[in-house]
Amino acid sequence: MDNKDIANIFLRIADMLEIKNENVFRVRAYRNAAQNIMALARPLKDIHEEDPSLLDNIPGIGKDLKSKIIEMVGTGELGYYDDLMKEFSPGFLEMLNLGGLGPKKIKKLRDELGIENIDALEKACMKGKLADIEGMGARTEEKLLEAIEYFRKKQGRMLLQEADEYADEIVAYLKESGNFKKIEKAGSLRRGRETVGDLDILTTAKDAEKAMEYFVGYFGVDSVIAQGPTKSSVLLKAGHQVDLRVVDDASFGAALVYFTGSQQHNIKIRKLAKNKGYKVNEYGVFLIGKTGKERKIAGKTEQDVYKKLDMEWVPPELREDNGEVEAARDGTLPQDLVQLKDIKGDLHIHSTETDGRATVQESVEAAIRKGYKYIAITDHSKHVKIANGMDDKRILKHTERVRKLNQKTKGIEILMGVEVDILDEGKLDFSDSVLKEMDIVIAAVHSRFSLDLETQTRRILNALDNKYVNILAHPSGRLITTRKPISLDFDRVFKKAAENGVFLEVNTHGERIDLNAANCRRALELGAKVVIGTDSHEVEQLDYMKYGVITARRGWVSRKDVLNTYSFDKMVKALKRA
DNA sequence: GCCGTTTTCGGCCCGACTGTTTTCAGTCG
């Protein structure tokens, strides 16, 4: 059982306890624990094997949940969960995924109408049966039928890049109206999560009511879920939800904190405020007087809000309740988180020589336009047949051409490199005699993703021991929507990378985002450094660098820990292995 | 079920919108 499995079981338990009308704080404790487990970089199994008492350090895990975790990592099962599940028929809990339907109503539907799944619910709605139940009516049935339809055609979470593009289109539409003053993308998109569920947009407007009217009139809107004076929600035709909120200028900062989240982060700072005798909501920070009278003491900017709570301003990417609140109070937040403007070059780019769609020349020109000081051309090796990988003869010719282009190109350095396949047992797809001709060598797995943990780990470790390897590309091999990460002992790989001076890639290619944020943070803890590479196969993909930067920031990565923030000379020097 | 710069017991973030209701419970973020 990996961390995700365990977290999911806790979430299901929370759902079931909620339906059983258990103590809401007990329910919350399970959800909170699940969140914290999902944020861990190390498998609970490893942590437990090293020392069970280390589990006590995980926030939200106390005596009871710890013993449940131990049972799960030990036996792969949880008796308590299995027992609870017996009380619910298959498909019942799925109804919780319908918008507007929660634990209370779901229970009522079962108790009074015997509804056990979505199909039965749909039939009951169509027959008008729900109107018999107190608190439900015709409109409830209508809404539920809509929710069922939406659920069936619903797309999963969007990839970060996809969400960003949808949001940009909506922001552009809002700007056209001339009614909005400030417009900010918020929510998990602003925090840079690798996938985004709903889009959240925060605004100030000259006329709030007109602003809402205009928003729900967006051409991409399929239906309106809710529309009030300060908050509206719509469903896009593409199957995603967008929430828009309009606030006063004096509340914008507090609203931005609230709307950016994460929920866990918000809860923590609100608790902290409460202990100080303040109240924090989306309108500001309020001082509660002796008579219960409230006085607003901050709200216009995010900086003001955090300052009133005696905290440093927390960069949005860090707001996951992973220790950033404590760090912001102690003044120990990372001071130099990497930024897009720090990036001086892109060291993972493909060309038409293999499976890229841009010529080397086109990529060079695009990189110059971006103000980059250097790039590396890193095409595939022969093992990746589907990508037209190069053999010895071709790579040497390719090298010659790239070097010639470098000589006659001013304003940027073009490195010749390769993305060489890691074969069985960690052998590489080019001999050392070829690799030593390269300025930069990226090693990568493109096959045999399902090897067992030990074989896969040894394979990667061996590859990192090749003295010509500089970078380990997309270390987990996962594709967010289609392929699980390979079984890998990341700690051993990170330690080896640190030892050998190999940089771990944060690959920004849409489906990859690999390393992910949690792994970045763990890699740094173990002394390794990273490089952010776009793995571009066409010129437009060079722009995805920003998603790698945001991911690295989520992993608490500072500029000094990123190879391609270095000057050309320093970068070349850093590539030299001992 | 967790947790502690008042506490090992008694708290646990806070508000908007909806539908079915005459004042609020449920859901959501």
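Sequence lines set the chain letters: A, B, ... in the order given, protein chains first and strands last, and positions in each chain run from 1.
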If you compare every side-chain N and O of [X] against the phosphate oxygens of [N] (OP1, OP2), does one of them come in below 4.0 Å?
X       : N       : answer
N266(A) : dC13(B) : no
R270(A) : dC14(B) : no
K279(A) : dG15(B) : yes

Under a 3.5 Å limit for both distances, which nucleotide forms a Watson-Crick or G-U wobble pair with dG10(B), could you say?
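Pairing partner, where one exists within any strand: dC3(B).
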
Does [X] reach a base, just sugar-phosphate, or nothing at all? Heavy atoms under 4.0 Å.
X       : value
R26(A)  : base
G261(A) : nothing
D64(A)  : sugar-phosphate
V27(A)  : nothing
E134(A) : nothing
E282(A) : sugar-phosphate
Y283(A) : sugar-phosphate
A131(A) : nothing
L98(A)  : sugar-phosphate

Ring centroids only, cut at 6.0 angstrom: are Y544(A) and H509(A) within range, meaning strictly under it?
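No: the rings miss the under 6.0 Å criterion.
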
Aromatic contact, Y214(A) with Y173(A) (centres under 6.0 Å)
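Close enough - the centres of the two rings lie under 6.0 Å apart.
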
In whole angstrom, give the distance that lies between atom [atom1] of [X] and atom [atom2] of [N].
X       : N       : atom1 : atom2 : result
K108(A) : dA25(B) : NZ    : P     : 11 Å
E22(A)  : dG1(B)  : CD    : C1'   : 10 Å
F215(A) : dA16(B) : CZ    : C1'   : 15 Å
Q227(A) : dG19(B) : CD    : P     : 12 Å
L101(A) : dG29(B) : CG    : P     : 13 Å
M95(A)  : dT27(B) : CE    : P     : 12 Å
L272(A) : dT5(B)  : CG    : P     : 10 Å
R190(A) : dG29(B) : CZ    : C1'   : 17 Å

Does the distance from a Lys or Arg side-chain N to an Asp or Glu carboxylate O, for D83(A) and K86(A), drop under 4.0 Å?
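Yes, charged N to carboxylate O under 4.0 Å.
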
Would I201(A) and E184(A) count as a side chain to side chain contact (heavy atoms under 4.5 Å, CB included) if you check the C-alpha gap in whole Å, the side-chain angles of each, and the deciding distance to 0.1 Å?
CA-CA 6 Å; I201(A) 299 174; E184(A) 198 80 47; over 6 Å; no

What's the closest nucleotide to the [X] side chain, out of [options]?
X       : options                   : result
T230(A) : dT18(B), dC13(B), dC17(B) : dC17(B)
K68(A)  : dC12(B), dC14(B), dG1(B)  : dG1(B)
P229(A) : dC2(B), dC17(B), dC13(B)  : dC17(B)
K271(A) : dC13(B), dG1(B), dT18(B)  : dC13(B)
K274(A) : dT18(B), dC13(B), dA16(B) : dC13(B)
Q241(A) : dC17(B), dC13(B), dG29(B) : dG29(B)
A29(A)  : dG26(B), dC2(B), dC12(B)  : dC2(B)

Exactly one of [options] should register a side chain to side chain donor-acceptor pair (under 3.5 Å) with [X]. Which one does?
X       : options                   : answer
K182(A) : D249(A), T204(A), T203(A) : D249(A)
S53(A)  : N57(A), D51(A), D56(A)    : D51(A)
T260(A) : R190(A), E317(A), H265(A) : R190(A)

Taking atom [atom1] in both [N] and [M], what distance in whole Å separates the two?
N       : M       : atom1 : answer
dT20(B) : dT27(B) : C1'   : 14 Å
dC12(B) : dT7(B)  : C1'   : 13 Å
dG29(B) : dT23(B) : C1'   : 24 Å
dG1(B)  : dT5(B)  : C1'   : 24 Å
dA16(B) : dG11(B) : P     : 26 Å
dT21(B) : dG26(B) : P     : 13 Å
dC2(B)  : dC13(B) : P     : 16 Å
dC3(B)  : dT8(B)  : C1'   : 9 Å

Residue whose closest nucleotide on DNA chain B lies nearer the 5' end, I225(A) versus K268(A)
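Comparing both residues, the 5'-ward one is K268(A).
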
DNA chain B: 5'-proximal contact among R245(A) and T140(A) (nearest heavy atom)
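Mapping each residue to its closest nucleotide by heavy atoms, the 5'-most match is R245(A).
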
Run the salt bridge (Lys or Arg N to Asp or Glu O under 4.0 Å) test on R478(A) and D514(A) for me, step by step, so that the C-alpha distance in whole Å, both residues' side-chain angles and the decisive distance to 0.1 Å come before the verdict.
CA-CA 7 Å; R478(A) 65 99 178 252; D514(A) 179 15; 5.5 Å; no

Aromatic rings F92(A) and F88(A): how do their planes relate, parallel, tilted or perpendicular, breaks at 30° and 60°?
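Geometry flag for F88(A) against F92(A): parallel rings.
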
Nearest heavy atoms of R157(A) and S188(A), plus distance in Å:
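Looking at all heavy atoms of both residues, the shortest contact is NH2-OG, 4.2 Å.
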
Is the Lys NZ or Arg CZ of K308(A) less than 6.0 Å from the centre of Y278(A)'s six-membered ring, within 45° of the axis?
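No, K308(A) does not sit over the ring of Y278(A).
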
Every protein N/O within reach of nucleotides 6-9 of chain B N/O, cut-off under 3.5 Å:
none

